[in-house]
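Have a look at the structure below before the remarks.
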Amino acid sequence: MMGKLLSVAILAAVSSSAGAGPVQSSRTEFATAVQQYAPLFESELERARSFVDAAMEKGVVVPVPKDPGGGYTHEQHKQNFKIIYQGGRLYKLTGEEKYRDYVRDVLLAYAEMYPTLGDHPAKANQNVGRIFWQVLNDAMWLVDSVQGYAAIRDSLSDADRRNIDDNLFRKAAEFLSTGSARTFSRIHNHATWATAGVGMTGYLLGDKELVDIALLGLDKSGKSGFLRQSELLFSPDGYYTEGPYYQRFALKPFVVFAGAIENNDPSRKIFEHRDGILLKALFTTIQLTYEGRFFPFNDAIRDKSLKTDELYHGVAVAYAKTRDPGLLSIADWQGRTVLTDEGMLIARDLAAGKAAPFPFTSLLLSDGPEGKQGAVTIMRKGDGMTGQALVAKNSSQGMGHGHFDKLSWQYYDNGYEIVSDYGAARFLNIEAKAGGRYLPENESWAKQSIAHNSLVVDENSHFDGDRRAADKLAPEQLYFSDEMGSQISTAKMIGAYPGVEFTRTLALLDIEGLGQPLVADVMHVDSEGDHQYDLPLHYNGHVMRIGFDVESNVAGRPVLGKDNGYQHIWVDATGKPDSADNAFVTWIKDDRFYTSRWVPQAGSEMILAESGANDPKFNLRREQMLIQRLATGKDTAFAGILEAHGRYDGAAERTTASDSQIRTIKHVRDGKADLLLIETLTGAKSVLAISYDQDKTKKHSATIDGQEISWTGFADHIRLDGGAK
């Protein structure tokens with residue numbers, strides 16, 4: 001219900017085809033309409049104005065590049081491409097010439113400096129840039145700067161336009177393409193940024209050659225380039241092979257370049273390409289979060305959330321294309337948008353009350369361009385902010401940013417990550433920590449299998465830590481059910497270790513009498529010979545109770561091993577529980593208690609440990625873990641549960657149900673089937689039954705605890721009293 005007023009204002013002030021800016025009357029209409037009907041856009045406009053005005057007070061600051069990530073020149077050039085983008089948008093929206101003039105002067109300073117630049121002096125092992133220490137940042141600079149330049153270009157003098165065109169943007173596009181051919185030709189997020197920047201420059205300058213190589217690769221064969229990246233980096237479900245953190249990062253160049261393609265070459269129907277993969281990827285990106293933060297797969301920086309520039313752009317573009325009201329609730333949570341037509345639209349409709357909750361849901365996301373390289377499964381109950389989310393990472397390696405963590409998992413509850421993943425060992429853009437680069441511990445700890453909730457054989461990481469070997473093999477997702485109350489995911493990994501295969505079932509189950517769903521975990525290991533097996537559980541919380549006797553290392557903390565991540569583990573205590581009755585550890589996180597319980601194998605022990613050993617520069621976070629160890633075994637099974645229970649009210653000084661509400665669990669292997677019996681303190685019993693049979697109609701039966709049970713298909717959750725699930 002914006003009416004004619006805002007329609008006129010949008011056409012006059014927001015349209016990307018506008019020339020020198022809106023006339024005064026249109027600016028007045030625009031300001032009035034924005035204030036009344038699009039307050040989110042108004043706040044974004046004021047934020048940009050404050051940011052650019054503060055920069056203008058300091059004058060034009062374009063230093064000669066010198067520093068790595070986090071250093072002065074690095075941060076100043078980062079500020080500059082944001083200034084160029086936002087200053088250009090401010091001129092387009094307000095018509096105030098001071099913004100055009102400042103952006104022009106900044107670009108002229110770059111046009112003077114850029115032709116003199118060689119390799120960045122802080123170059124390291126990454127592909128080197130000119131303005132920044134790695135070429136990726138140069139590409140990011142170009143993506144934003146070319147958009148800011150587009151907003152003012154038509155209003156410049158011929159001489160200034162020619163100078164900026166030829167000495168800055170053409171040279172930057174040449175460097176990022178032919179001058180950085182190895183990066184530009186990769187199927188990788190760095191190449192996505194580079195092709196986007198080069199392609200948008202080509203459109204702006206009317207240079208078809210730049211557009212063609214951006215879309216189709218340097219040889220124009222289509223074997224690389226932007227289009228090929230959209231075909232190989234995403235699965236049919238929109239999952240990005242490097243994981244959610246890099247999916248978030250790559251999303252911006254994908255969507256902004258797609259917008260430029262649509263505006264300049266609508267016949268390509270870029271948003272329909274590959275069954276609408278770019279929009280599908282945006283929705284998948286949002287699904288890969290809990291409380292707004294991305295699941296920290298692979299080389300993830302854990303503090304990234306939906307409140308990030310890439311997602312402000314992505315959500316706005318996706319809403320403009322789909323009008324999905326769930327995206328409005330995401331924009332509302334973000335509290336931000338972008339200074340574009342799409343940003344105006346999302347702010348307008350949000351203010352008009354058109355938002356609906358985003359439908360966070362359980363789903364299976366296949367991996368690989370054809371969906372045949374494993375999968376990620378998400379099992380949810382409740383909303384995406386404070387409910388439960390069980391995540392099974394059964395995906396491919398994730399290229400160079402991948403970790404050796406096949407069939408690992410994470411669990412979220414009550415607004416927190418309860419079973420955790422380390423993510424990356426990196427302090428991004430903090431100069432004191434290796435200039436913001438990945439730390440050595442990213443290789444020695446974060447990528448190693450023991451740093452994850454996955455099986456480790458003979459203290460070696462999967463694929464012996466060889467990324468090229470890992471790229472060739474992926475898990476097989478065998479089964480997924482999103483039936484509420486009985487959500488189940490099973491996958492198998494063959495080839496991570498010679499002669500060893502392991503199959504893991506994770507389930508999110510409603511149990512009679514329990515207030516929260518319970519996680520069940522059954523891993524079956526088949527081996528050709530004897531091995532040592534370690535199964536770590538990385539958790540967040542403070543230990544309350546240990547069900548078995550432990551020998552604590554109070555005088556000194558031994559280190560668990562010598563390499564493959566084991567050299568970074570302090571051993572706090574060890575113990576040998578003798579049954580599932582006492583094989584448990586309870587901890588508290590915030591106001592809720594959690595108990596991990598397992599069925600101990602004969603001769604096994606539990607290790608209570610913490611990361612941080614052999615870390616003289618204090619690069620690692622100190623995080624707790626439990627490690628089930630079977631010193632020698634062939635075929636074996638790990639079976640356990642994770643239970644949330646009780647509440648601690650510190651204000652009222654009241655504690656309820658701080659001890660586990662589970663009496664015991666039992667695991668039985670009956671033929672090829674695995675059965676996990678769960679019994680509560682009230683006597684309620686249920687069984688997770690797994691046949692591993694892909695025939696959905698086939699009936700199965702087995703016996704556990706003296707009772708015969710039957711089910712149909714691959715797996716089921718069965719109450720022994722015969723009641724409903």
Side-chain angles (χ1 to χ4, degrees), residues 13-22 41 44-45 47-56 58-62 76-114 131-132 137-157 160-173 176 193 196-205 210 252-253 255-257 259-260 263-264 309-310 312-313 316-317 337-344:
V14 185
S15 173
S16 59
S17 62
F41 195 87
E44 199 64 46
L45 193 68
R47 183 180 288 105
R49 189 188 294 274
S50 177
F51 172 68
V52 178
D53 286 354
M56 291 170 63
K58 299 177 182 178
V60 174
V61 183
V62 180
Q76 183 60 49
H77 290 299
K78 277 177 58 182
Q79 290 289 91
N80 284 349
F81 71 69
K82 295 175 184 177
I83 290 166
I84 294 166
Y85 175 80
Q86 294 187 30
R89 294 312 302 167
L90 284 169
Y91 171 67
K92 179 67 72 175
L93 292 166
T94 69
E96 295 181 49
E97 293 182 353
K98 66 177 183 178
Y99 294 118
R100 177 201 60 193
D101 294 347
Y102 184 65
V103 171
R104 176 201 62 202
D105 292 347
V106 172
L107 290 173
L108 287 171
Y110 273 106
E112 180 180 356
M113 180 182 71
Y114 197 89
I131 301 174
F132 298 92
N137 298 91
D138 281 54
M140 295 170 67
W141 184 96
L142 184 58
V143 166
D144 267 23
S145 295
V146 74
Q147 293 179 80
Y149 181 41
I152 71 166
R153 185 174 181 268
D154 288 348
S155 68
L156 300 183
S157 69
D160 285 344
R161 185 164 55 246
R162 219 169 19 248
N163 185 4
I164 296 169
D165 283 359
D166 295 342
N167 290 313
L168 179 55
F169 284 99
R170 286 193 190 280
K171 290 188 182 300
L176 286 170
W193 282 93
V198 169
M200 287 192 290
T201 301
Y203 279 129
L204 181 63
L205 303 185
L210 290 179
K252 180 178 175 178
V255 297
V256 298
F257 187 27
N263 289 336
N264 289 276
D309 183 61
E310 296 87 355
Y312 304 147
H313 281 270
V317 169
T337 189
V338 288
L339 298 176
T340 62
D341 295 13
E342 296 87 354
M344 171 66 84

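Basis for what follows: all heavy atoms, side chains included, without hydrogens, waters or symmetry-related copies.
- Under the 3.5 Å distance criterion, with hydrogens and angles disregarded, no donor-acceptor pair is assigned to the side chains of Y91 and D101.
- Considering CZ of R100 and CG of L156, their distance stands at 7.0 Å, rounded to 0.5 Å.
- Contact annotation: the side chain of N137 never approaches that of I131 to less than 4.5 Å [non-hydrogen atoms, C-beta and beyond].
- Here the closest heavy-atom approach between residue N163 and residue A111 is recorded as OD1-CB, 3.7 Å.
- Counting only distance, with no hydrogens or angles, the side chain of Y102 and the backbone of V52 share no donor-acceptor pair below 3.5 Å.
- Taking the charged nitrogens against the carboxylate oxygens, R170 and D166 do have a contact shorter than 4.0 Å, which makes a salt bridge.
- Looking at E96 and L90, their side chains never come closer than 4.5 Å, going by heavy atoms from C-beta outward.
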Give the C-alpha distance, both sets of side-chain angles, the deciding distance and a yes or no for side chain to side chain contact (heavy atoms under 4.5 Å, CB included) between F169 and L142. CA-CA 8 Å; F169 284 99; L142 184 58; 3.5 Å; yes
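- Y85 pairs by the ring pair (Phe, Tyr, Trp, His ring centres under 6.0 Å) definition with H313, not counting sequence neighbours.
- Counting only distance, with no hydrogens or angles, the side chain of Q147 and the backbone of V143 share a donor-acceptor pair below 3.5 Å.
- Residues V198 and A173 approach most closely at CG2-O, 3.6 Å, considering heavy atoms.
- One distance of note links CG of N264 with CE of M200; it measures 11.0 Å at 0.5 Å rounding.
- Using the six-membered ring where Trp is involved, F132 and H77 have ring planes that are perpendicular, over 60° apart on the 30 and 60° scheme.
- A side-chain donor-acceptor contact under 3.5 Å links S155 to the backbone of I152.
- Scanning both residues, L204 and Y149, for their nearest heavy atoms gives CD2-CD2, 3.5 Å.
- Taking both residues in full, the closest heavy atoms of F41 and V338 are given as CE1-O, 3.4 Å, listed atom of the first, atom of the second, then distance.
- No side-chain N or O of R89 forms a donor-acceptor pair with one of Y99 less than 3.5 Å apart.
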Test side chain to side chain contact (heavy atoms under 4.5 Å, CB included) on Y312 and K252 and set out the steps. CA-CA 9 Å; Y312 304 147; K252 180 178 175 178; over 6 Å; no
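- At a threshold of 4.5 Å between non-hydrogen side-chain atoms, the residues K98 and D53 count as touching.
- Shown here for A109 and V62, the closest heavy-atom pair between the two residues is CB-CG2, 3.7 Å.
- Between A151 and G88 the shortest heavy-atom distance is CB-O, 3.2 Å.
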Side chain to side chain contact (heavy atoms under 4.5 Å, CB included) between Y114 and N167, intermediate numbers included: CA-CA 7 Å; Y114 197 89; N167 290 313; over 6 Å; no
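- Counting heavy atoms from C-beta outward, Y203 and F257 have side chains that approach closer than 4.5 Å.
- Taking CG of L45 as the reference point, atom OG1 of T337 lies at 11.5 Å (rounded to 0.5 Å).
- Contact annotation: the side chain of L107 never approaches that of R153 to less than 4.5 Å [non-hydrogen atoms, C-beta and beyond].
- With sequence neighbours excluded, the residues forming a side chain to side chain contact (heavy atoms under 4.5 Å, CB included) with Q76 are V61, P63, Y72, Q79, N80, listed by chain and number.
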